[in-house]
Colleague: 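Input: one structure, supplied below.
The first residue of the sequence shown is numbered 1, and numbering continues consecutively from there.
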Amino acid sequence: MRDHIVRSRQDRLNAPGAHYVRRLTAKDGTNLGVDLRVTSAGEASGTLELGPGKTLTYLRVGIKTFLQGNRDGWLADGFSADAAAISDGIQLLEPSTFHDTDLPELLKPANLAERLDPSIDAGQPVSVGPVETVNGHESTPIGSGAMRTYVHAGHADRIVDPAFDIQVTPMNWDDAARFYTDLRPTVTALDLASDTESRVAVDSGWSTPCATTCSAVATLTATPHPFLSVTIPGFTPPVATTFVSYEIALTINGVRTPRPDCAGVLEMPGDGTTTTISCAFTAGPGSQISADTTTRPVLGRTRADALLTTLTEDATRTQSKRDCPVTRIHGSITTSKPDC
């Protein structure tokens, strides 16, 4: 029966992607319900469930990971009540690992293929269990070490090991192409995703003098806080740029008045960059006036466009696997089509 595992491994090595559902235990012990599509290039899109009705949407483009959820989803992920309320419905740039697990790296078809037969190099036999129904057809469970793979017609229908139990639906080449096409609007809109690798401090005040005609003034200071900071001797990293979405809202005599001309997105290059913004208004003598400034570091148009380029390149890279399939597997050694 090992030949069935070999065929399943070859199928996964050559696959452009897959749709995974069921459960996964992250490295920190968090139990996750997963519903993810992952391509051979490592893009991923879907949902993660941290409890009944408590879900986050997951997106990976290139090396950037984004999460989005409602208040309940963020609370289940450990956010404070205030942070969950602020983040409700907003895409957040997040570290590449979720609860210490790089999900696309774990679930890329080729990486799973390498895990399906851990006992082969030791020469240990596989075990065969009773046939079960998976994906609407009969599937045979074949065990190798701690891994159990349910196979049907050369495909892995379900993969079980101590860390996960996932059902696998293969993506064909058209599915993969559609996946990338469908992601483009989402990636285009990432310019307003929250950049959690940056911080913005706000110092608010008023113009001087401040009479009938006055301006609410705010000084913004942007500071990068990267998830991972690497120092390479002799290498000077490029100057970081922070994009900041801002709004100054005025309240005059108890009436809050948002002003479209007092909102926008600023580009602030450099660590510790300071920029002053203002909002002019006119009020009668004795008016009661207050102003509040809200800011949010965002990904920005430049970086969102760079991710669109990555998406296009990885779509091409995924389709290129069709021309360079793995043609033979012997133990842990694979052979590809010549000239690939």
Side-chain angles (χ1 to χ4, degrees), residues 56-57 59 61 64-71 73-75 77-95 186-208 210 214-229 237-252 254-283 288-307:
L56 298 173
T57 62
L59 174 65
V61 182
K64 298 295 185 181
T65 300
F66 300 87
L67 294 173
Q68 184 176 19
N70 61 19
R71 180 178 179 276
W74 291 123
L75 287 173
D77 194 35
F79 278 38
S80 68
D82 287 345
I86 292 171
S87 303
D88 188 356
I90 296 175
Q91 288 268 23
L92 303 187
L93 174 65
E94 291 289 296
T186 301
V187 176
T188 299
L190 286 176
D191 59 315
L192 293 179
S194 286
D195 176 10
T196 55
E197 290 189 290
S198 300
R199 303 286 185 272
V200 176
V202 181
D203 183 14
S204 299
W206 304 97
S207 61
T208 302
C210 189
C214 189
S215 293
V217 179
T219 300
L220 312 183
T221 303
T223 308
H225 288 262
F227 300 134
L228 180 64
S229 182
V239 175
T241 296
T242 301
F243 294 86
V244 181
S245 173
Y246 71 91
E247 180 185 22
I248 299 177
L250 299 169
T251 300
I252 302 176
V255 179
R256 183 178 171 83
T257 309
R259 291 266 300 276
D261 59 324
C262 299
V265 175
L266 293 171
E267 182 175 352
M268 302 176 64
D271 189 348
T273 297
T274 297
T275 298
T276 300
I277 57 177
S278 63
C279 182
F281 61 92
T282 300
Q288 298 296 314
I289 307 166
S290 63
D292 61 90
T293 302
T294 56
T295 62
R296 182 168 62 91
V298 295
L299 200 68
R301 184 73 267 150
T302 301
R303 285 187 286 178
D305 286 345
L307 288 178

Colleague: Does any non-hydrogen side-chain atom of Val244 lie less than 4.5 Å from one of Val298?
Modeller: no

Colleague: Set out, in order, the CA-CA distance, both residues' side-chain angles and the distance that settles side-chain contact (heavy atoms from CB on, under 4.5 Å) for Leu250 and Cys279, then state yes or no.
Modeller: CA-CA 9 Å; Leu250 299 169; Cys279 182; 4.1 Å; yes

Colleague: For the residue pair Arg256 and Asp292, what are the closest heavy atoms and their distance?
Modeller: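 That would be NH1-OD2, 2.7 Å.
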
Colleague: Keeping Trp74 on the side-chain end and Gly69 on the backbone end, is there a donor-acceptor pair under 3.5 Å?
Modeller: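 A pair under 3.5 Å: yes.
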
Colleague: Judged by atom type as modelled, is there a donor-acceptor pair below 3.5 Å linking the side chain of Ser87 to the main-chain atoms of Ile90?
Modeller: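 Absent.
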
Colleague: Is a side-chain N or O of Gln68 found less than 3.5 angstrom from the main chain of Gly89, in a donor-acceptor match?
Modeller: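 Here the side-chain-to-backbone pair exists.
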
Colleague: Do you know which two heavy atoms are closest between Pro95 and Thr65, and how far apart they sit?
Modeller: O-CB, 3.6 Å

Colleague: Do Ser194 and Arg296 have side-chain atoms, one donor and one acceptor, less than 3.5 Å apart?
Modeller: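 Distance-only check passes for Ser194 and Arg296.
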
Colleague: Would you mind reporting whether Phe66 and Leu190 have side-chain heavy atoms less than 4.5 Å apart?
Modeller: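 SC-SC contact between Leu190 and Phe66 confirmed.
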
Colleague: Measure across Thr241 and Arg303 and return the closest heavy-atom pair with its distance rounded to 0.1 Å.
Modeller: O-NH2, 3.9 Å

Colleague: Quick one: closest heavy-atom pair of Pro297 and Thr242, and the distance?
Modeller: CB-CG2, 4.4 Å

Colleague: Which word best sums up how the rings of Phe281 and Trp206 line up, parallel for under 30°, tilted for 30 to 60°, or perpendicular for over 60°?
Modeller: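 Rings of Phe281 and Trp206: perpendicular, over 60°.
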
Colleague: If we only count heavy atoms from C-beta on, is the Leu67 to Gln91 side-chain gap below 4.5 Å?
Modeller: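 SC-SC contact between Leu67 and Gln91 ruled out.
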
Colleague: Are Arg301 and Thr188 close enough, and set up right, to give a side-chain contact (heavy atoms from CB on, under 4.5 Å), and what steps lead you there?
Modeller: CA-CA 8 Å; Arg301 184 73 267 150; Thr188 299; 4.1 Å; yes

Colleague: Can you find a pair of side-chain heavy atoms, one from Leu299 and one from Leu307, that are under 4.5 Å apart?
Modeller: yes

Colleague: Heavy-atom distance under 4.5 Å between the side chains of Thr273 and Thr221, does that happen here?
Modeller: no

Colleague: Donor-acceptor pairs under 3.5 Å, side chain of residues 196-204 to any protein atom, not counting sequence neighbours: which ones?
Modeller:
residue, atom, partner, partner atom, Å
Thr196, OG1, Leu93, O, 2.2
Glu197, OE2, Phe227, N, 2.9
Ser198, OG, Asp195, OD2, 2.8
Arg199, NH1, Thr196, O, 2.9

Colleague: I'd like to know if the side chain of Ser215 and the backbone of Ser278 have a donor-acceptor N/O pair within less than 3.5 Å.
Modeller: no

Colleague: Quick one, Asp77 and Leu56 - any side-chain contact, counting heavy atoms below 4.5 Å?
Modeller: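 Sidechains of Leu56 and Asp77: in contact.
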
Colleague: Is there side-chain contact between Tyr246 and Thr294, with heavy atoms separated by less than 4.5 Å?
Modeller: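 Side chain of Tyr246 against side chain of Thr294, heavy atoms only: no contact under 4.5 Å found.
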
Colleague: Show, in sequence, the C-alpha distance, side-chain angles and deciding distance for Cys262 and Glu247, and conclude whether the side-chain contact (heavy atoms from CB on, under 4.5 Å) test is met.
Modeller: CA-CA 6 Å; Cys262 299; Glu247 180 185 22; over 6 Å; no

Colleague: Side chains of Ile277 and Leu220, heavy atoms from C-beta outward: is any pair under 4.5 Å?
Modeller: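 Side chain of Ile277 against side chain of Leu220, heavy atoms only: contact under 4.5 Å found.
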
Colleague: Would you call Arg71-Asp88 a salt bridge at under 4.0 Å N-O?
Modeller: no

